[in-house]
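Worth saying up front: this structure is predicted, and the values here are computed from it rather than measured.
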Amino acid sequence: MPYSIEVSVPATSANLGPGYDTFGLALDIADEVVAELHPDPVDLSSCVEVTGQGAGQVPTSSDHLIHRVVREVLDHHGHGTLADRLTLRCANTIPHSRGMGSSAAAVVAGISIADALLAFAGRGELTEEERLAWAVHYEGHADNAAPALFGGVSISTLDAEGSPRSVSVPVHPAVRAVLIVPDTKLDTDYARSFIPEQIPHADAVANSAAAALFIHAIGRAPSLLFEATEDHLHQEYRRPAMPETLARVDALRAHGLAAVVSGAGPTALVLGTGENLRDEVASVLGDDDARIIAASIADFGATITRTDA
Ligand SMILES: Nc1ncnc2c1ncn2[C@@H]1O[C@H](COP(=O)(O)OP(=O)(O)O)[C@@H](O)[C@H]1O
Ligand SMILES: N[C@@H](CCOP(=O)(O)O)C(=O)O
């Protein structure tokens, strides 16, 4: 009988306006992965099954991102050969390359599975710091990885040695989210290539002020979310890469809604407290063909269930 591990990892929205590479939140939309450790080696050319988002597009061999992450984390701890016996079944709902943290969710799924297998092998579990460090090793920045791991809204930073840290901040219970998800994809690395090396000092001041205000607004004063989601670091620079997204953000903000680019786009995120937030967004956007999805901020990040199947 294979040893079976089930992992659920939430979608995430990074930046939240002024928190470029720093702020992120978990959404109640998740990818599910069932990992099975078989008694004997499996066929690594067909060890991954994918349904939903990414099916037919991502590899179904051990080149699959989750399988690779599992193997590398296990290898680092001297248990790499366990990956030869591993199959994965991925049921994906997070759209790829839309700014909703699909790659972070895959990386976190891989780390979670490796973590469970290390415990199974008697090595003991990874610490929160180790899991975050592994996630940043693959993602490059912790703003998606931290909420995917730990849930809620997080602030991620690097310490003097370059090691990632994250803290969760309180979230006002009335805050809800709406996502405007277009059909088009935008590669995160490509969207990052638009960010300049330097920005004007006045923009840095305005951005610091908005970022500080955001933490107060999301936890205690959601009526300030509009002001607190003003960004001066990345959105405008990225306009040429996603003009339609920025046009949606502009239109929504012109109606007083706290709209931002979700991650590196092209999804837009609106934060607010109105019971009818989704309808308000839909009425501003008119006959726009992007999907408009109401979502909640998820309290939990990656969850793991282990069963002896
Ligand atoms: N669940 C997944 N399984 C395998 N690969 C994935 C998965 N999710 C994302 N990826 C990989 O990551 C890429 C998207 O990453 P990225 O451009 O950073 O977008 P996103 O904003 O969705 O994280 C996909 O094209 C795919 O190669
Ligand atoms: N801070 C990053 C966030 C990327 O998020 P993703 O969900 O688009 O991968 C950035 O803005 O580049």
Side-chain angles (χ1 to χ4, degrees), residues 10-29 98-101 143-144 147 152-156 168-182 191 203 205-239 242-286 288 290-299:
T12 49
S13 179
N15 301 325
L16 309 179
Y20 178 68
D21 279 357
T22 304
F23 293 167
L25 59 76
L27 295 157
D28 63 346
I29 298 167
R98 300 304 208 302
M100 293 174 64
D143 50 353
N144 290 106
V153 172
S154 56
I155 309 175
S156 301
S168 293
V169 301
V171 180
H172 193 287
V175 175
R176 60 194 72 206
V178 172
L179 296 143
I180 302 108
V181 189
D203 284 352
V205 172
N207 205 77
S208 302
L213 185 64
F214 181 87
I215 298 307
H216 176 67
I218 194 82
R220 304 182 62 168
S223 63
L224 297 174
L225 276 170
F226 180 80
E227 210 179 326
T229 48
E230 282 282 356
D231 157 72
H232 301 266
L233 288 188
H234 71 110
Q235 294 186 172
E236 202 48 51
Y237 296 111
R238 286 169 156 173
R239 187 181 286 271
M242 46 178 149
E244 290 172 348
T245 300
L246 269 298
R248 291 181 184 111
V249 169
D250 290 346
L252 292 161
R253 291 191 75 84
H255 281 78
L257 293 165
V260 296
V261 176
S262 178
T267 291
L269 168 79
V270 180
L271 293 172
T273 55
E275 290 281 326
N276 302 318
L277 190 60
R278 189 199 168 279
D279 293 346
E280 277 181 73
V281 168
S283 116
V284 172
L285 296 181
D288 193 319
R291 273 195 305 146
I292 303 178
I293 305 169
S296 300
I297 298 175
D299 292 338

* **Flag, side chain of S262 to backbone of M100, donor-acceptor distance under 3.5 Å** => no
* Please list all pairs passing the side-chain hydrogen bond (donor to acceptor under 3.5 Å, both in side chains) test where one or both residues lie in residues 274-286, with sequence neighbours left out. => none
* To do: Would you please name every residue forming a side chain to side chain contact (heavy atoms under 4.5 Å, CB included) with D28, sequence neighbours left out?
  => A295, S296
* Can L285 and I292 be said to form a side chain to side chain contact (heavy atoms under 4.5 Å, CB included), step by step? -> CA-CA 10 Å; L285 296 181; I292 303 178; 4.2 Å; yes
* Could you pull out all residues at least two apart from H172 that satisfy side chain to side chain contact (heavy atoms under 4.5 Å, CB included)? => A174, V175, P222
* Euclidean distance, L257 CG relative to L277 CG, rounded to 0.5 Å -> 6.5 Å
* Drop me the distance from I218's CD1 to L224's CG, to the nearest 0.5 angstrom. => 11.5 Å
* Partners passing side chain to side chain donor-acceptor pair (under 3.5 Å) against R176 (at least two apart in sequence or in another chain) -> none
* Between OG1 of T22 and CG of L16, what distance do you get to the nearest 0.5 Å? -> 10.0 Å
Please list, one pair per line, the donor and acceptor atoms closer than 3.5 Å that link side chains of residues 263-274 to other protein atoms, with sequence neighbours excluded.
{"unit_1": "T267", "atom_1": "OG1", "unit_2": "R98", "atom_2": "O", "d": "2.8"}

* Asked: Would you say the side chain of M242 lies within less than 4.5 Å of the side chain of V261, judging by non-hydrogen atoms?
  -> yes
* Asked: Among all residues two or more places apart in sequence or in another chain, which pass the salt bridge (Lys or Arg N to Asp or Glu O under 4.0 Å) test with D299?
  -> none
* Asked: Among all residues two or more places apart in sequence or in another chain, which pass the side chain to side chain donor-acceptor pair (under 3.5 Å) test with R248?
  -> D288
* Structure fact -> For A211 and F23, the nearest pair of non-hydrogen atoms, with its separation, is O-CZ, 3.5 Å
* To do: List for me each residue that meets side chain to side chain contact (heavy atoms under 4.5 Å, CB included) alongside P147, sequence neighbours excluded, and say none if there are none.
  => T12, A26, S154
* To do: Could you list all the side-chain hydrogen bond (donor to acceptor under 3.5 Å, both in side chains) pairs where at least one residue sits in residues 218-231, not counting sequence neighbours?
  => T229-R253
* In chain order, what residues pass the ring-ring contact (aromatic ring centres under 6.0 Å, His included) check against Y20, with sequence neighbours excluded? -> H234
* Out of curiosity, L233 CG to N15 CG, how far, rounded to the nearest 0.5 Å? -> 9.0 Å
* Asked: What are the two closest heavy atoms between L252 and A259, and how far apart are they?
  -> CB-CB, 3.6 Å
* Asked: Sub-3.5 Å donor-acceptor pair from the side chain of H255 to the main-chain atoms of A251, do we have one?
  -> yes
* Asked: Between CD1 of I29 and CD1 of I293, what distance do you get to the nearest 0.5 Å?
  -> 5.0 Å
* Asked: Considering residues at least two apart in sequence or located in another chain, which fulfil the side chain to side chain contact (heavy atoms under 4.5 Å, CB included) criterion with A209?
  -> none
* Asked: Can you list the residues that meet the salt bridge (Lys or Arg N to Asp or Glu O under 4.0 Å) rule with R291, with sequence neighbours excluded?
  -> none
